[in-house]
Structure formats: C-alpha cells, structure tokens
Number of protein chains: 2
Amino acid sequence: MAADADPARKSIGARRNPDSADAILEAAEAVLVEAGYAGFSIEAVARRARAGKPTIYRWWPSKAALLLEVYQRQKRVDVPDTGRLEEDLVGFLKNLFAHWRETSSGSVFRSLIAEAQSDDTASASLAGYALGRRSHTGQILERAKARGEIGVDIDSALVADLIASFAWKHLLTNRLDEDEATIRKTVNYVMRGIAAPGK
Amino acid sequence: MAADADPARKSIGARRNPDSADAILEAAEAVLVEAGYAGFSIEAVARRARAGKPTIYRWWPSKAALLLEVYQRQKRVDVPDTGRLEEDLVGFLKNLFAHWRETSSGSVFRSLIAEAQSDDTASASLAGYALGRRSHTGQILERAKARGEIGVDIDSALVADLIASFAWKHLLTNRLDEDEATIRKTVNYVMRGIAAPGK
DNA sequence: GCCTGAAAACGGGCCGTTTCGTTTGATCGC
DNA sequence: GCGATCAAACGAAACGGCCCGTTTTCAGGC
C-alpha cells in the first residue's frame, strides 16, 4: 500500500488527481451493475472509487446528474446498414436487446428511467432523449427513405416512437430474451403499416 | 392479495383487519399523490394512517407489496364500446391518458414501474400484468373480431402490446397531454398494419 | 501565506425490527 | 346466556444501521 503504516504521520496526503472524475464514473457504473439500482448510492460509489463524498458532490449536484453522465458515457449499440429496411430494424432490435442484456447499458438505462420518476433533471433529460429525432430507429428509416424503399411521406418519428416504445416495454418488464421470430413478427407488423396506403 | 371473503376461516384472537387495512391503503395512496414516489416511505404512510409501522409490516412484507395492493385498488379506466374499432382505440387511449393525468392512477403506476426496477416482487407482478391477455386493448380487439370488423387471424396480443407500449412510454416521459389528433394518428397507423395483407 | 481538495464528522431521515402496554373479540366455564 | 379468559392485533416508542447532503478539519502545492 502507498499509505504509511504510522497512524501519527499519515503521508497519503492530498494527491492532485485531475482524472478522478473518470475513476468516479467507472466506479458508478460498476456499482450499478453489481448492486443494481437499489444499491446505487453516493456512498457506495465513493467507497468504490476511493474518493470522498464531497469530491463527488463538487462535480455532480445530485445522484441523478451522476447517473445521467454514466448513461451518456455508454457505448452505443450497433446500428446495422444492410440496405433493407426489415433487416435493419430486426437487426437493430436484436443488437439492442443483446446490448441491454450483456452490457451495463440495460442496467443504466433502467435506472435512469426509474430515477426519472422522482427526479426532474433525469425526467427532462429522458424526455428530451425520447423526443430526439436522432434516434437509431429514425436513422434507419431515413436511410430507407433515401434509398426510395419507403415513401418520404412516412412519419418516421411516429414509427420510430412505436419501435422504441416496444423496446422500452420489453426492457422494463424483463423480456429481453425474445427470440428473433418474435422480434421479426413485430417488425413485420409495423412495416405493414408503412406499406399500406395512408388514410 | 388473495380475495379472502371466507368468514369460516377463523382462529382464536382478535381480527380487526379491514378498517385498519383500508386506512393504511388510503394513506399510502395519498402519500404517493402528495409526495410522489420519492416521498413514499413506510414511515410516511404510517404517520398519515396514524398506524404503527409493525402493523404495516405485518400485512405487507415490503414497500413493493404495499404499492402493488394500492395499484390493484385503483379504479379501472373506462373502455369504450362504440362498435367501431378505431373509435374504441382512440377513445380508450384518450380515457387512459386523462385517467393517468387526473387521478392517482398515473402516480401509482409510474411508482410501480420504478419499484419494479429494483424489486423482484413488483417486477414479476408487472411482467404478469403486461403479459396478460385480459388487457383493455385486447378486449377491444376481441370485440372487433367478434363483430367481424377485423380478421380472427390478427395477433391481438401483438397489437395490444404495441398500443400498451405506446401508452407506457408516454406515461414515463411525461407526455400525457397529447391531443386527440396525435393519438388518432398513431391508432390509424397501427390499424393500417391490421388492414394490410399479412406477410 | 494562501488555496485546493481529501478525509472525517455532523445532523437528519428512513429502514426493518423489537419491545412495550393496551384493546379487541372469539372461546369456554359457569 | 354471560362474563372471564386469552390469543392476536393494535399504537407507540426506541433500537442499530445505512445513507443522505453539508460542514469542518487539515495536509500539501503554489
């Protein structure tokens, strides 16, 4: 250990650590994965990061703010680009479910949604994210429009919202293990809405 | 939990259940509405109900269990039956959003979803509810089938799941104030998927 | 000698539980 | 019948513990 064993002369000192923010964010993510949202406390994060609570509160005003930044650091899920809308949508949902299952992203996103139910900062951020036109599904649909695969008059936001809602509900009800057939059935159904003549 | 309307099930000793249980459930709902999910604690409920904490813990093993029973006591939203599928779906979503906005049901359901992210009991219950075939949207679709308005081969569960996902996401992102036009647009889109020939 | 920043301590709230003394109501002896 | 009895449920208080958000203390760098 770096710390001297002599209690009368603790020489561990106050080392300047400009990158401690990274350590705290990594610790926060680790706590979230290992202990879940219920065990996610500033205390636990500080212990894990070997940092003091005031250090965390200096940079993040609330638990929600820390959670938000952990969320924004997440690696993005792969968005396929196969040249066919159906394959892109099915592939994306498959990737997304696997991503949520197998990385910390699922835990983080679930926690963010839960936190948003009692914290205005998280709620506003989540609403902004959900309303954003840059969602992955939106990109897939825009590409299909550019290829001429679907009409430019299709309401991408509406379709993307439906697909995203489907994914959210599966995340929130622990149904991320759907097989490809189920996902494809839903995608096919939604695509029938695209193909049918507008009303 | 289980409806025990059986007066024959008796043993020795005092049984003053109903009054106190009702008072606690009403207090729990009131706390949830007034203080939100963040302020929903057993302590707060006990204070409000002028009951002791042990009384609450005797009947409900956890916060999630109490939340579940509050949720199950909620008045159900009106399910319209106009004889036309489109009007039924639009009317139901309008009713549902208004119900969530204007009664305590929205707060209770949001809290239940949040709790489900860290409590297995709530999670299992929520998943069961979401999987249930007796959902309101499912009833509307079954009625449309019985009238011959849509084919019996339509996957009601899939369509109901899509509609429910849409509603959930709007609840969770504070977008319950959508006007009828937006709701109708989504319903029309989903109905085009019904009308289009299957693949 | 300031200033930065980590560690420790503080006051407060809620948790889930235990321990009181009291109240209720079904059972049973009279 | 009817009152005594006794188990169960009750409200209240207090507990040890954890975590909150803040404040204070103190060691080193400039």
Side-chain angles (χ1 to χ4, degrees), chain A residues 1-25 27-28 31-32 34-67 111 114-115 118-122, chain B residues 4 6-28 30-32 34-67 111 114-115 118-122:
Chain A
M1 296 297 269
D4 213 19
D6 187 348
R9 280 180 51 82
K10 284 175 62 177
S11 62
I12 47 178
R15 295 180 299 184
R16 289 179 175 278
N17 191 356
D19 295 322
S20 61
D22 273 348
I24 289 170
L25 286 169
V31 167
L32 210 47
E34 289 171 15
Y37 178 58
F40 182 69
S41 70
I42 300 290
E43 291 254 346
V45 173
R47 270 198 304 270
R48 173 102 188 191
R50 297 175 177 278
K53 283 192 293 177
T55 305
I56 298 182
Y57 280 111
R58 195 185 318 281
W59 285 317
W60 295 277
S62 68
K63 198 161 91 167
L66 180 56
L67 195 58
S111 302
E115 184 75 10
S118 60
D119 181 281
D120 287 342
T121 304
Chain B
D4 49 336
D6 185 7
R9 186 189 61 83
K10 283 286 117 186
S11 55
I12 320 164
R15 290 298 145 91
R16 216 178 55 178
N17 294 10
D19 300 341
S20 194
D22 274 351
I24 289 169
L25 287 168
E26 282 170 21
V31 167
L32 210 47
E34 290 171 15
Y37 179 57
F40 182 69
S41 69
I42 300 290
E43 293 251 348
V45 173
R47 269 198 305 269
R48 173 102 188 191
R50 297 175 176 276
K53 282 194 293 179
T55 304
I56 298 182
Y57 281 110
R58 181 170 302 117
W59 285 330
W60 296 278
S62 68
K63 199 160 89 167
L66 180 56
L67 198 56
S111 301
E115 184 75 10
S118 59
D119 181 281
D120 286 341
T121 304

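Within every chain, numbering begins at 1; the chains are lettered A, B, ... in the order of the sequence lines, protein sequences first and strands thereafter.
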Report task. Take atom CH2 of B:W59 and atom P of D:dA8, then tell me their distance rounded to the nearest Å. Result -> 15 Å

**Report entry** Spacing of B:I56 atom CD1 relative to D:dA9 atom C1', expressed in whole Å
**Finding:** 14 Å

Approximate separation, where rounding is to 0.5 Å, of [X] [atom1] and [Y] [atom2]:
X	Y	atom1	atom2	answer
A:L66	A:I24	CG	CD1	8.0 Å
B:S111	B:L32	OG	CG	4.0 Å
B:R47	B:S41	CZ	OG	6.0 Å

Report summary line: Given protein heavy atoms under 4.0 Å, the one-letter contact record of nucleotides 12-22 of chain D, with B base, S sugar-phosphate only and - none, is simply BBB----SBBB

Query raised in the report: Within the structure, does a side-chain N or O atom of A:R58 lie under 4.0 Å from either OP1 or OP2 of C:dG5?
Result: no

**Report entry** Residue-phosphate contact under 4.0 Å: A:T55 side-chain N/O, C:dA6 OP1/OP2
**Finding:** yes

With the criterion being N/O to N/O and under 3.5 Å, what pairs connect the protein with nucleotides 20-22 of chain C, and how long is each?
none

Query raised in the report: Does some side-chain heavy atom of B:L25 sit less than 4.5 Å from a side-chain heavy atom of B:W60?
Result: yes

Query raised in the report: Does the B:K63 side chain pair with the main chain of B:E115, one donor and one acceptor, at a distance under 3.5 Å?
Result: no

Which atom names give the shortest non-hydrogen contact between [X] and [Y], and what distance separates them?
X	Y	result
A:A49	A:A23	CB-O, 4.0 Å
A:A114	A:Y37	CB-CE2, 3.7 Å
B:A44	B:V31	O-CG2, 4.0 Å

